[in-house]
Amino acid sequence: MRTRLGVASPHIQWHRKVIHTKSAFLPKAQKRRKYAQCEPVWRTKTTKTCAAYCREGHRAATNGQGSAASQGERTKMTAPLLQLSGVTKAYPGVVANDSVSLSIGLGEIHALLGENGAGKSTLVKMIYGLVKPDAGTMQMFGKAFAPTDPRTARAAGVGMVFQHFSLFDALTVAENIALGMETPPPMRTLAARIRDVSETYGLPLSPDRIVGDLSAGERQRVEIIRCLLQDPKLLIMDEPTSVLTPQEVEILFETLRKLSAEGTAILYISHKLEEIRALCDAATILRGGKVVGTCVPRDTSARDMAELMVGSTLATPKSAAHVTGAVVLSVTALSAASPSAFGMALKDISFQVQSGEVLGIGGVAGNGQDELLAVLSGELPCKAGMVRFQDHDMAGIGPEARRGFGVLAAPEERLGHAAAPNMSLIENAMLTGAAREGLSKRGMLNWPKTRIFAERIIKEFDVRTPGPENAARSLSGGNLQKFVIGREVLQRPEVLVVNQPTWGVDAAAAADIRQALLDLAANGAALIVISQDLDELMEISDRFAALNEGRLSAPVSTQGLDVEQIGLMLGGAHGMEVAHV
């Protein structure tokens, strides 16, 4: 029997019994807990604390009828919280989930791993009531579980924090949370409850703050607190650290560990395998919609997990020997207002990029990354002399004309910005490839040639899709990311600006994308890689600069730079309060 600490024998912990009142929205000043000393409780990977006992009405643990958990109670504690058996879901041309079975215990942090298109998103959508399975059964606490919609799933105790936040920038934290509740209490009561939950779980957050002023990490706290107010028994988290700094990740992990200790199970989806090893108790691996294995992450290397996900040996990106050449792109005293009321203005930014060089730019989300890419791509205008490509002043030159020069860009928001959701992959290939790939002539679009270009992207970047006629929105996030990056790389740019190039892609695909970027630089292109993944920047960049509150530090060589030191510098951009749990 393995404990949560990975020791081969049961671990005894002393707990205090917590008796909760029935009301979920009592004023903070009113006393809501009574404490009493409790006997030692044998605690395994799926055992709850006494606090979790109280929430579920296991009164024997708190009313003095027994000094230790009875054998019957231990049986309840070790029974699976969620059990999936033979769950199957098919779409035209693809079986997303093929007879998937898995079990998640009480208080267990369970990782769901798989390459892009493996079926992870479809599976959690079925658990959360967004998709109905074609076959198979699900059980919660040993009873049939078949949610018809997210409301039904939430009522059964399932909460979900999505990869993309669903928040309104112009509203306060409390107002956003109220919008997600079936019957929200008065705003003053809700604000008190938000403060209470945020303090209890180490998620410092004021209910009165405007969401548009929050960092990415703080916005995620809003989503988590919204779920916690529903008292979930199972919390699903989809790529929760994709936009967080190392310091924000640690805050999140402390919160998740505390939830786990109280009996809340967590289903955790991520492509960051070292984080999986640090946090998760168990992992289920999907490949091609099927379960291909399980493992204990802390006992399995990240490379072994990655190779189990893809079914082959993982290639490590290698930078070919290359010599940087002349300055290709120069930015001088660039200042520009953000087109968004909640964006970040760029302030006096200067740098140069040489041919064959990769300049990495790191920063906490919301510090001007989108605005910088918009200026360099031509979407956001700038004054004369601020941006120059070779001998050409780029002021007044729009995105399409810049593409003609060889200045290409791939923005962070892949669905809606980089790709039109309802257009096919063929049409999306035409959108940016018309000029450099010769897909149009005298206003006439060459669709057969465009189809060949789309098929080439799909083949060379291993985009999992039934065909190029499929709409962009039908692809998983990772596969769409591979298509977007491949579309720009294959156009042989002189300058390529990319924001979050491997966001949401699996380990093998991320390695392929990084290798493609390195190969592009080796062939003489100048690359500007904007990313919040510091390991990624250290792996592929020749020089590094930090973007903080719209200002860019002087680029320095990546040789000898320490990732932790860089993370601390970037983490201070918003002055985030340290969690206490």
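Smallest separation of non-hydrogen atoms from S338 and E371: OG-OE2, 2.9 Å.
Expressed to the nearest 0.5 Å, how far CG of D149 lies from CG of L130 amounts to 9.0 Å. Of the inter-residue distances, the one linking E199 atom CD with I194 atom CD1 reads 12.0 Å to the nearest 0.5 angstrom. Atom CG of L102 and atom CG of L82 lie 6.5 Å apart (nearest 0.5 Å). Once rounded to the nearest 0.5 Å, the distance linking CG of L480 with CG of L475 reads 6.0 Å. Atoms CE and CG, from M237 and L267 in turn, are 11.0 Å apart once rounded to the nearest 0.5 Å. For the atom pair S198 OG and L205 CG, the distance stands at 6.0 Å (nearest 0.5 Å).
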Practice prompt. May I have the step-by-step check of side chain to side chain contact (heavy atoms under 4.5 Å, CB included) for L252 and I224, ending in yes or no?
Written response: CA-CA 10 Å; L252 173 64; I224 295 174; 3.4 Å; yes
Worksheet item: Does the side chain to side chain contact (heavy atoms under 4.5 Å, CB included) test come out yes or no for W503 and Q532, once each step is laid out?
Response: CA-CA 9 Å; W503 176 35; Q532 294 162 51; over 6 Å; no
Fill in: Derivation and outcome, salt bridge (charged side-chain N to carboxylate O under 4.0 Å, His left out), residues D98 and R287
CA-CA 10 Å; D98 188 355; R287 189 195 316 142; over 6 Å; no
Discussion item. Test side chain to side chain contact (heavy atoms under 4.5 Å, CB included) on E549 and M344; report intermediate values, then the result.
Written reply: CA-CA 7 Å; E549 298 290 344; M344 178 62 64; 3.2 Å; yes
Item to complete: Start with the C-alpha gap between T88 and N97, add the side-chain angles, then the distance that decides, and say whether side chain to side chain contact (heavy atoms under 4.5 Å, CB included) holds.
Response: CA-CA 5 Å; T88 298; N97 290 132; 5.7 Å; no
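Side chain of S101 to main chain of G86: a donor-acceptor pair is present (N/O by atom type, distance under 3.5 Å, no hydrogens or angles). Between the K258 side chain and the T200 main chain, a donor and an acceptor come within less than 3.5 Å of each other. Checking side-chain atoms of T122 against main-chain N and O of A96 turns up no donor-acceptor pair under 3.5 Å. No donor-acceptor distance shorter than 3.5 angstrom exists from the side chain of S260 to the backbone of L256, with no hydrogens or angles considered. Here the side chain of N367 pairs no donor or acceptor atom with the backbone of G363 at under 3.5 angstrom. A donor-acceptor pair is defined here as one N or O able to donate and one able to accept, closer than 3.5 Å; such a pair exists between the side chain of R226 and the backbone of N176. Using modelled atom types, one side-chain atom of E223 and one backbone atom of S166 make a donor-acceptor pair closer than 3.5 Å. Listed for the R473 side chain is no donor-acceptor partner under 3.5 Å among the backbone atoms of L415.
In terms of the side-chain hydrogen bond (donor to acceptor under 3.5 Å, both in side chains) criterion, Q369 has no residue partners (sequence neighbours excluded).
Counting non-hydrogen atoms of neighbouring residues, nucleotides and ligands closer than 6.0 angstrom, the NZ atom of K125 reaches no more than 12 such neighbours. Surrounding OH of Y91 are more than 12 heavy atoms belonging to other residues, nucleotides or ligands, all under 6.0 Å away.
Looking at D506 and K120, no side-chain N of the basic residue comes within less than 4.0 Å of a carboxylate O on the acidic one, giving no salt bridge. Salt bridge R464/E115: present, at least one basic N to carboxylate O contact under 4.0 Å. Ionic pairing of E250 and R257 is present here: one or more N-O contacts between side-chain nitrogen and carboxylate oxygen are shorter than 4.0 angstrom. Comment: R298 engages D281 in a salt bridge, judged by a side-chain N to carboxylate O separation of less than 4.0 angstrom. Under a 4.0 Å N-O distance rule, the pair K233/D231 qualifies as a salt bridge.
Applying the ring-ring contact (aromatic ring centres under 6.0 Å, His included) test to residues at least two apart or on different chains, the pairs with a partner in residues 108-138 are Y128-F162. Listed by first and then second residue, the salt bridge (Lys or Arg N to Asp or Glu O under 4.0 Å) pairs that reach into residues 162-190 are R151-E182, R154-E182, D169-R219, sequence neighbours excluded.
Defined by atom type and a distance below 3.5 Å, a donor-acceptor pair is present between the side-chain atoms of T241 and E275. Checking E239 against Y268 by side-chain atom types alone, no donor-acceptor pair falls below 3.5 Å. Side chains of T502 and Q481: no donor on one and acceptor on the other come within 3.5 Å.
Put simply, the side chain of I285 reaches to within 4.5 Å of the side chain of C295, judged on heavy atoms. Counting heavy atoms from C-beta on, the side chains of E262 and Y201 come closer than 4.5 Å. The shortest side-chain heavy-atom distance between L113 and L286 does not fall under the 4.5 Å cut-off. Contact of the L203 side chain with the E218 side chain is not registered, since no non-hydrogen atoms from C-beta on lie closer than 4.5 Å. In this structure the side chain of K132 never reaches within 4.5 angstrom of the side chain of T148, judged on heavy atoms. No side-chain heavy atom of R193 sits under 4.5 Å from any side-chain heavy atom of P185. Side-chain contact check for I177 versus L229: some heavy-atom pair is nearer than 4.5 Å. No side-chain heavy atom of I236 sits less than 4.5 Å from a side-chain heavy atom of V161.
With a 6.0 Å cutoff to the six-membered ring centre and a 45° limit on the axis angle, K143 does not count as a cation-pi contact of F145.
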